[in-house]
Amino acid sequence: MKIKYQKIYSLLKQIPNGKVTTYGSIARKLGINPRYVGKIPSENSHPDIYPCYRVVRSDGHLGGYTIGLKNDVSTLEIKKEKLIQDGVLVIGLRVHKSDIVELA
DNA sequence: CCGTTGACCAGGC
DNA sequence: GGCCTGGCCAACG
């Protein structure tokens with residue numbers, strides 16, 4: 001495995017239902033920079049195959065959600081809805097602090 | 001090899 | 001909460 005795509009996917013799967021994690025958490029686990037974590041799904045444009053929507057920023061902001069199209073507010077709305085359906089409390093473009101779980 | 005870019009982070013204001 | 005700055009690692013041309 002050349003790149004670390006697969007590792008990010010693995011970490012994504014271990015996010016508990018109804019919870020979210022942060023890019024920084026994933027990045028520190030892999031020893032890479034957080035900026036690169038978000039780059040993977042943005043290029044691949046995963047619609048709803050894997051829970052990329054369960055990843056938010058460290059301050060609770062949703063961050064971004066690129067699904068082939070541009071990273072728009074409408075895409076963030078989709079991400080927000082998915083989180084809510086998972087039982088995550090989302091206020092505006094932010095998730096409740098206690099719903100963010102650090103990966104062990 | 002170098003510069004640019006990226007769904008970021010921590011710290012200040 | 002919002003905006004700015006410096007820093008971080010990896011991929012790409």
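Each chain gets a letter, A, B and so on, in the order its sequence line appears, and its residues count up from 1.
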Colleague: Please pick, from B:dA7, B:dG6, B:dC9, the nucleotide with the shortest atom-to-atom distance to any side-chain atom of A:Tyr36.
Modeller: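 Looking only at side-chain atoms, A:Tyr36 lies closest to B:dG6.
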Colleague: Could you measure the distance from the CD atom of A:Gln14 to the CG atom of A:Leu103? Nearest 0.5 Å is fine.
Modeller: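 Spacing of CD (A:Gln14) from CG (A:Leu103) equals 5.0 Å.
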Colleague: Please check the phosphate of B:dC8 (OP1 and OP2 only) for any side-chain N or O of A:Arg57 closer than 4.0 Å.
Modeller: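 Checking A:Arg57 against B:dC8: at least one side-chain N or O falls below 4.0 Å of OP1 or OP2.
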Colleague: Kindly indicate, with the supporting measurements, whether the criterion side-chain contact (heavy atoms from CB on, under 4.5 Å) is fulfilled by A:Thr75 and A:Thr66.
Modeller: CA-CA 7 Å; A:Thr75 59; A:Thr66 308; over 6 Å; no
Colleague: What integer distance in Å separates A:Asn33:CG from B:dA7:C1'?
Modeller: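 In whole Å, B:dA7 C1' lies 13 Å from A:Asn33 CG.
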Colleague: When you get a sec, tell me which of B:dC8, B:dA7, C:dA11 is the closest nucleotide to the side chain of A:Tyr65?
Modeller: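 Minimum distance to the A:Tyr65 side chain belongs to B:dA7.
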Colleague: When the distance from CD1 of A:Ile32 to P of C:dA11 is rounded to whole Å, what number comes out?
Modeller: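 Distance, rounded to whole Å: 9 Å.
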Colleague: Over how many whole Å does the gap from A:Ile78 atom CD1 to B:dA7 atom C1' extend?
Modeller: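 My rounded result for the distance is 14 Å.
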Colleague: With both distances under 3.5 Å as the test, what is the Watson-Crick or G-U wobble partner of C:dC8?
Modeller: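 Looking at the geometry, C:dC8 pairs with no nucleotide.
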Colleague: Testing A:Asp59, A:Val95, A:Val55, A:Ile100 one by one against A:Thr22 for a side chain to side chain contact (heavy atoms under 4.5 Å, CB included), which residue passes?
Modeller: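 That would be A:Ile100; it is the only one of A:Asp59, A:Val95, A:Val55, A:Ile100 passing the side chain to side chain contact (heavy atoms under 4.5 Å, CB included) with A:Thr22.
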Colleague: Sort out the partner of C:dG1 for me: Watson-Crick or G-U wobble, both distances under 3.5 Å, none otherwise.
Modeller: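 The base-pairing partner of C:dG1, which may sit in any strand shown, does not exist here.
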Colleague: Does the side chain of A:Ser58 get closer than 4.0 angstrom to OP1 or OP2 of B:dA10 through an N or O atom?
Modeller: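 For A:Ser58, the contact criterion (side-chain N or O under 4.0 Å from OP1 or OP2 of B:dA10) is met.
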Colleague: Look for any protein N or O under 3.5 Å of an N or O in nucleotides 1-6 of chain C and output each such pair with its distance, or none.
Modeller:
from, atom 1, to, atom 2, distance (Å)
C:dG1, OP1, A:Arg94, NH1, 3.3
C:dG1, OP2, A:Arg94, NE, 2.9
C:dG1, OP2, A:Arg94, NH1, 2.7
C:dG2, OP2, A:Arg94, NH2, 3.4

Colleague: For A:Leu93 and B:dA7, what is the distance between atoms CG and C1' respectively, to the nearest whole Å?
Modeller: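 It is 13 Å, rounded to the nearest whole Å.
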Colleague: Using modelled atom types and a 3.5 Å cut-off, is there a donor and acceptor pairing between side-chain atoms of A:Asp99 and backbone atoms of A:Val88?
Modeller: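 Answer holds: no.
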Colleague: Using atom NZ of A:Lys29 as one end and atom P of C:dC9 as the other, report the distance to the nearest whole Å.
Modeller: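 Going from NZ in A:Lys29 over to P in C:dC9 covers 16 Å.
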Colleague: Among A:Lys82, A:Glu81, A:Lys80, A:Gln85, find the one that has a side chain to side chain contact (heavy atoms under 4.5 Å, CB included) with A:Tyr53.
Modeller: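 Answer after filtering A:Lys82, A:Glu81, A:Lys80, A:Gln85: A:Lys82.
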Colleague: Side chain of A:Tyr23, heavy atoms from C-beta onward: which of B:dA7, B:dC9, C:dA10 has the nearest atom to it?
Modeller: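 So the side chain of A:Tyr23 is nearest to B:dA7.
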Colleague: Give the rounded distance in Å between these two atoms: CD1 of A:Ile26 and C1' of B:dG6.
Modeller: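 So the CD1-C1' distance, A:Ile26 to B:dG6, works out to 15 Å.
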Colleague: Taking atom C1' of C:dA10 as reference, at what distance in whole Å does atom NZ of A:Lys39 sit?
Modeller: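 Distance check: A:Lys39 NZ to C:dA10 C1' gives 7 Å.
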Colleague: Between B:dC9, C:dA11, B:dA7, which one does the side chain of A:Cys52 approach most closely?
Modeller: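 Given the options B:dC9, C:dA11, B:dA7, the side chain of A:Cys52 is closest to B:dA7.
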Colleague: How do A:Arg28 and A:Leu62 order along DNA chain B: which one's closest nucleotide is nearer the 5' end?
Modeller: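 So the residue in question is A:Leu62.
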Colleague: Can you name the closest pair of heavy atoms from A:Arg28 and A:Glu102 and give their distance?
Modeller: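 Closest approach of A:Arg28 to A:Glu102: NH2-OE1, 4.3 Å.
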Colleague: Enter the distance from A:Leu11:CG to A:Thr21:OG1 here, rounded to the nearest 0.5 Å.
Modeller: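 Between atom CG of A:Leu11 and atom OG1 of A:Thr21 there are 8.5 Å.
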Colleague: What integer distance in Å separates A:Leu30:CG from C:dC8:C1'?
Modeller: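 Whole-Å distance recorded here is 14 Å.
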